[in-house]
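Just so it is clear, the values below take in all heavy atoms, side chains as well, and ignore hydrogens, waters and symmetry mates. Chain A is the first sequence line, chain B the second, and so forth, proteins listed ahead of strands; every chain is numbered from 1.
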There are 2 protein chains.
Amino acid sequence: MIDPRFSTLRVFSSTGSVARTAELTGYSPSAVSAQLRELQRSLGIKLIAKEGRGVRLTSAGQQLVSGIDSIVTQWELLAASARSASGQLQAHFGLGGFSTAAAQLLAPLAASLRATRPEVEVQLIEAQPQRCLDLLLAERIDLAVIVASQAPGGGGAKDRFEQTVLLDDPLDVVLPASHRLAQRKSVALEDLADDPWISESGQSVYRALFVAAFTSLGVTPHIAHEAVEWETMIAFIGAGLGVGLLPRLATLGHADDVVRRRISGAAKPSRRIVAVTRKGSRGSPLIEESLEILQRTAERIISQRSAEELDG
Amino acid sequence: MIDPRFSTLRVFSSTGSVARTAELTGYSPSAVSAQLRELQRSLGIKLIAKEGRGVRLTSAGQQLVSGIDSIVTQWELLAASARSASGQLQAHFGLGGFSTAAAQLLAPLAASLRATRPEVEVQLIEAQPQRCLDLLLAERIDLAVIVASQAPGGGGAKDRFEQTVLLDDPLDVVLPASHRLAQRKSVALEDLADDPWISESGQSVYRALFVAAFTSLGVTPHIAHEAVEWETMIAFIGAGLGVGLLPRLATLGHADDVVRRRISGAAKPSRRIVAVTRKGSRGSPLIEESLEILQRTAERIISQRSAEELDG
DNA sequence: TCAAACCGTGCACAATTAGTGCATGATCGA
DNA sequence: TCGATCATGCACTAATTGTGCACGGTTTGA
């Protein structure tokens, strides 16, 4: 909002590519290229340098970016306090989150906002955590619900984002109904060390979590198959191809050939779900309200789990 | 440069009038009006309110301005350090100052820059101190040489400007050649308490200085006539209409019907001449270089005076 | 009390700026 | 060596921004 070129530059510094920046900001690649060139010209500085078939930030560029990070933060603070003082809400409010978060946390939030603030145009975007962060930078969304990763998303994250812990989401094991341990109430990961596993492909957050759970046990699991969607993984498991881990927030669906079991034993892997905003934007009334709603929803989920725990 | 609307808003907060802001920034009044309205709309805040036939900033507006002051400062710092690191100079460089400063300090500076940095387009603007400050805000000029006034130019000056003392310029008395004290080497103001005085009209910096010099003596001078230019004042004095004060930097010209005398006695009025820049812009190579040149020029003037002192 | 001078704003129109789509050259992987 | 990917330049178009003038409201001076 302060200057669209700042947004573009920040996204570029995060993605390192004109094409990805264009895709995230909604501009065409030529527009991104032109904006960066314009910035260079008006400052008289070389910001980007060719590298292979792509392009990278010069050190002067990185320095500029970190300065701009701080300026943008200050601007967000100012805009938020202004909005807060005037009670005026922004017209557009973008929310982002990965699949399960979008379903369980964002959908209720959007519904609530639609009801209480009908004049605000709420937009939901489902996207992977890293992409959510980039969308935040690009100002396409204003709030994201993602899985906290130990690696701070691509450098200088703490200069750009603020996060609030919503809840810890434990992982369960999913077994074929015919599995030898399927009748147990809970299963230790150690007992499944030799089973074939099904995990997610690529270097997703889930995959990192998956690996971490086993390395803490000193075990290297045998990943027999890879899937992208939970649905697919569950189908694989149902077919007896292996066992898998499923976050509690993700629903099993109507699959009756698999069972979900709590994890007992030394390693109790879980993922931490957090709400992320651009640094400085917290004071904004809509953000404040949304965070409260998200936390209430999270608490409801947690207490519901305790109740189930007692029932079961 | 960061956002033209910020510039406009800052000038408006200094002048308190759309028309004056337009004149200073070079926009038309409607453009200024539209820019302020646009800012209001995009933030959803009422920045200005009607007051009489003019408008004024709301308290929210003032709050926003002070936040923007800090952001602009940070941006100037960033841009300056970027320019400094790259060695790249800005294409345009504006200098402002009041009459005598322009002649004695700015002209040599401009000449020197023209010689050593021919690629920079140097522009000189002669203007009263307050106007110089507004021109700085409007980014029409980048450096101003003005008389430091005790009243910090219109609120929040220290959030917007930085100054460097160049020299203290003492005031001399100017007497008709036929005056009873014309033969003295130096004259005390007390001895002229009953003479008719010639001063500047309006509430100029000079006039404030003039009044201050006498109030420190507990004397209220009789101001018989008013003039805008030194030339005029000297002509009045030459005609025997009264006596006057003239800064040492101002030349007497070829008037042979008046004499200039040092001031002795309790009150030795002088004006402090300072170089002013926008806060944060100091690191810029051109500004740094200019300040050095100005200080060298000031030192030369001072040492030249000492020499004359010994001669006389 | 009325007219003239100002001030800020709205509106039609013009000028400048910014963005798109396609073509091009350059680089990397198979 | 061919195809894929990437950034960028260019002609064209869309959108933003600024201008000039007219108008309503307010103050000042006759």
Q: Assess the side chains of A:Thr21 and A:Thr15: does a donor N or O sit below 3.5 Å from an acceptor N or O?
A: yes
Q. Salt bridge between A:Arg20 and A:Glu23, side-chain N to carboxylate O under 4.0 Å?
A. no
Q.
Can you give me the closest heavy-atom contact between A:Val18 and A:Ser33, atom names plus distance?
A. CG1-N, 4.3 Å
Q: Could you tell me the separation between the CD atom of A:Gln40 and the P atom of D:dA7, rounded to a whole number of Å?
A: 14 Å
**Q.** Heavy-atom neighbours of B:Glu231 CD exceed 12 at 6.0 Å
**A.** no
**Q.** Nearest-nucleotide 5' precedence on DNA chain C, B:Val32 against A:Lys50
**A.** B:Val32
(Q) Quick check: closest heavy atoms across B:Glu200 and B:Tyr206, and the distance to 0.1 Å? (A) CB-CD2, 3.5 Å
Q: Measure from the side chain of B:Arg53, starting at C-beta and using heavy atoms only, and say which of D:dT8, D:dT27, D:dG20 lies closest.
A: D:dT27
Q: Find the distance A:Tyr27:OH to D:dA15:P and express it as a whole number of Å.
A: 13 Å
(Q) Mind checking if A:Gln35 touches a base, just sugar-phosphate, or nothing, with heavy atoms under 4.0 Å? (A) sugar-phosphate
(Q) Could you tell me how far apart B:Glu51 (CD) and D:dT26 (C1') are, to the nearest whole angstrom? (A) 12 Å
**Q.** Distance-minimising heavy-atom pair for A:Val65 and A:Leu57
**A.** CG2-CD1, 3.9 Å
Q. Rounded to the nearest 0.5 Å, how far apart are NZ of B:Lys46 and OG of B:Ser59?
A. 10.5 Å
Q: Check whether the ring centres of B:Phe6 and B:Trp75 lie less than 6.0 Å apart, and answer yes or no.
A: no
**Q.** B:Arg160 and B:Ser13: side chain donor to acceptor below 3.5 Å
**A.** yes
Q. Which nucleotide, D:dA7, D:dT8, D:dG20, lies nearest any side-chain atom of A:Pro29?
A. D:dT8
Q: Heavy atoms of chain A, cut-off under 4.0 Å: which first and last nucleotide of DNA chain C, 5' to 3', fall inside that, if you could look?
A: C:dG19 to C:dC28
Q) If we fit an axis to the first five pairs and another to the last five of the helix from C:dT1-D:dA30 to C:dA30-D:dT1, what angle do they make, to the nearest 10°? A) 20°
Q) How close or far is atom P of D:dA7 from atom CG of A:Leu47, stated in whole angstroms? A) 16 Å
**Q.** First of A:Gly16 and B:Ala34 reached from the 5' end of DNA chain D, by closest nucleotide
**A.** A:Gly16
Q | Separation of D:dT17 C1' from B:Arg37 CZ (nearest whole Å) | A | 13 Å
Q. Roughly, in whole Å, what's the span from CZ in A:Phe12 to C1' in D:dT8?
A. 13 Å
